[in-house]
Amino acid sequence: HMRNITFLPTCSNGLYSPMTNLTAEWLGSMTTCASTSELINAYRQTKDDKKKRRLPVCCFQACFDTSVNKKGVEAMWRENHHAHLTGLVMIDVDHVDNPQTVIDGILKREDFKDLGILMIYITPSGEGFKVVFIARKEWGNLIDNQYEMAQLLGVSIDRSCKDAARASFIPKADDVKWLDERLFTYSDPAYDEAFGGLYRNKPAKTSPTQKKWKDYEKSLRKGAKAEAEAKSGLNDELKSEPVDETKSEFSDECKSASVE
């Protein structure tokens, strides 16, 4: 039984302000606003996070039931446990030398129309881009969809964007490289029905639902653990006994090694 309801993307004038429905008018005025350009340009020059954090935000993948915050204010607060999934997903591709080149490659793909991409923009850092696309239920939850799309596009993603309440700082207008008007009207209540409960759960269940991506994350964790162990081993070695300069074992070893 589907409730006749639409869950639309949301936005806010600030990271900690209440959310409202994202409209073409809001996005148009915010991305063309002089202060947006000033903040982004200043952020690119200074890398000072405080500049970025003053930008307006969007939450493409969720809208929120009203709730009361710690100060007793009732509004649409950006909280996982009050989230409803819109049926859109965002991937964040970071640390790219030339985002424009990668984006051009995506836009030129023969299957571009089949990918369900509704927005692509260069992020405020200037060193990455975001892709907003239509979730596929058969792919799984948000992070499953992110991995699938990243694989299709041949990019690696920021895995910390896997929760429903993740905010995205807005770009300036000339950094928007693709925009499909369906961004403002698309809603797939069946997607929320299938996966929304995971995020409304306390604590939110944001990990992959598909075995291949669970295994992939397991292998990443293994790799990270091995890397950390190697690092701490190296640190221990560096911290160990100071070398006694009078002993010549070290130079002898070098000599014998070079002879072989």
Chi angles and distances behind the side chain to side chain contact (heavy atoms under 4.5 Å, CB included) call for E217, R159
CA-CA 10 Å; E217 288 203 345; R159 286 162 54 233; 3.9 Å; yes
Using side-chain hydrogen bond (donor to acceptor under 3.5 Å, both in side chains), reason through R53 and Y16 one step at a time and then give a plain yes or no.
CA-CA 10 Å; R53 296 176 80 80; Y16 303 109; 2.7 Å; yes
Hey, mind stepping through K177 and I122 against side chain to side chain contact (heavy atoms under 4.5 Å, CB included) and telling me if it holds?
CA-CA 8 Å; K177 304 303 177 182; I122 294 176; 3.8 Å; yes
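- Of all heavy-atom pairs spanning F133 and L115, the tightest one is CB-O, 4.2 Å.
- The minimum heavy-atom distance between L153 and V131, with the atom names listed, is CD1-CG2, 4.4 Å.
- Nearest heavy-atom pair across Y191 and G87 is CD2-CA, 3.9 Å.
- Counting only N and O atoms by type, the side chains of K51 and Q45 include no donor and acceptor under 3.5 Å apart.
- Annotation: R136, atom CZ; neighbour count of heavy atoms from other residues, nucleotides and ligands within 6.0 Å is above 12.
- The pair R44-D175 counts as a salt bridge, with a side-chain nitrogen and a carboxylate oxygen less than 4.0 angstrom apart.
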Candidate pair N13 and W26, rule side-chain hydrogen bond (donor to acceptor under 3.5 Å, both in side chains), full reasoning:
CA-CA 10 Å; N13 290 349; W26 182 90; 3.0 Å; yes
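- The shortest heavy-atom contact between V57 and G14 is CG2-O, 4.0 Å.
- A distance-only check finds a donor-acceptor pair linking the side chain of T46 to the backbone of D48 [under 3.5 Å].
- Considering only residues two or more places apart in sequence or on other chains, K137 meets the salt bridge (Lys or Arg N to Asp or Glu O under 4.0 Å) condition with none of them.
- Salt-bridge annotation for E38 and K172: absent, with no side-chain N of the basic residue lying under 4.0 Å from a carboxylate O of the acidic one.
- Residue W178 places its CH2 atom among 12 or fewer non-hydrogen atoms of other residues, nucleotides or ligands, all under 6.0 Å distant.
- For the pair L142/Q61, a side-chain contact is recorded, criterion being any heavy-atom separation below 4.5 Å from C-beta on.
- Here the side chains of T86 and D188 are not in contact, with every heavy-atom distance at 4.5 Å or above.
- For the ring-ring contact (aromatic ring centres under 6.0 Å, His included) criterion with H84, the lone passing option out of F195, F7, Y199 is F7.
- Between M19 and C59, the shortest heavy-atom distance links the atoms CE-CB, 3.7 Å.
- Within the 4.5 Å cutoff, the side chain of I120 has heavy atoms near those of the I106 side chain.
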Go through the steps to decide whether V89 and M149 satisfy the test side chain to side chain contact (heavy atoms under 4.5 Å, CB included), and finish with yes or no.
CA-CA 10 Å; V89 187; M149 183 56 77; over 6 Å; no
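- Both L88 and L22 sit in one connected hydrophobic cluster of ILVMFWY residues. Membership requires side-chain heavy atoms under 4.5 Å apart, directly or through other members.
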Verdict with reasoning, K225 to E229, per side chain to side chain contact (heavy atoms under 4.5 Å, CB included)
CA-CA 6 Å; K225 195 177 166 205; E229 279 168 6; 3.5 Å; yes
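- A 6.0 Å sphere centred on CG of D111 holds more than 12 heavy atoms belonging to other residues, nucleotides or ligands.
- Side-chain heavy atoms closer than 4.5 Å link hydrophobic residues (I, L, V, M, F, W, Y) into clusters, and following such links, possibly through other members, connects V176 to M90.
- A salt bridge between E79 and R200 is absent, with no side-chain N of the basic residue lying under 4.0 Å from a carboxylate O of the acidic one.
- Residue N80 holds its CG atom at 7.5 Å from OG1 of T206, rounded to the nearest 0.5 Å.
- Using a distance-only test at 3.5 Å, with no hydrogens or angles considered, a donor-acceptor pair links the side chain of N69 to the main chain of G72.
- Side-chain N/O atoms of T209 and D144 include a donor and acceptor closer than 3.5 Å.
- With contacts defined as side-chain heavy-atom distances shorter than 4.5 Å, the pair M119/L27 qualifies.
- Two residues are said to be in side-chain contact when any heavy atoms from C-beta on lie closer than 4.5 Å; I170 and C58 meet this criterion.
- Counting heavy atoms from C-beta on, the side chains of P171 and T31 come closer than 4.5 Å.
- Judged purely by atom type and a 3.5 angstrom limit, T10 has no side-chain atom pairing as donor or acceptor with the backbone of N21.
- Across A135 and N145, no two heavy atoms sit closer than the pair CA-OD1, 3.5 Å.
- Counting non-hydrogen atoms of other residues, nucleotides and ligands closer than 6.0 Å to CD of E227 gives a total of 12 or fewer.
- With ring centers used as reference points, Y147 lies under 6.0 Å from Y216.
- Side-chain contact between W77 and H82: absent, with no pair of heavy atoms (C-beta onward) separated by less than 4.5 Å.
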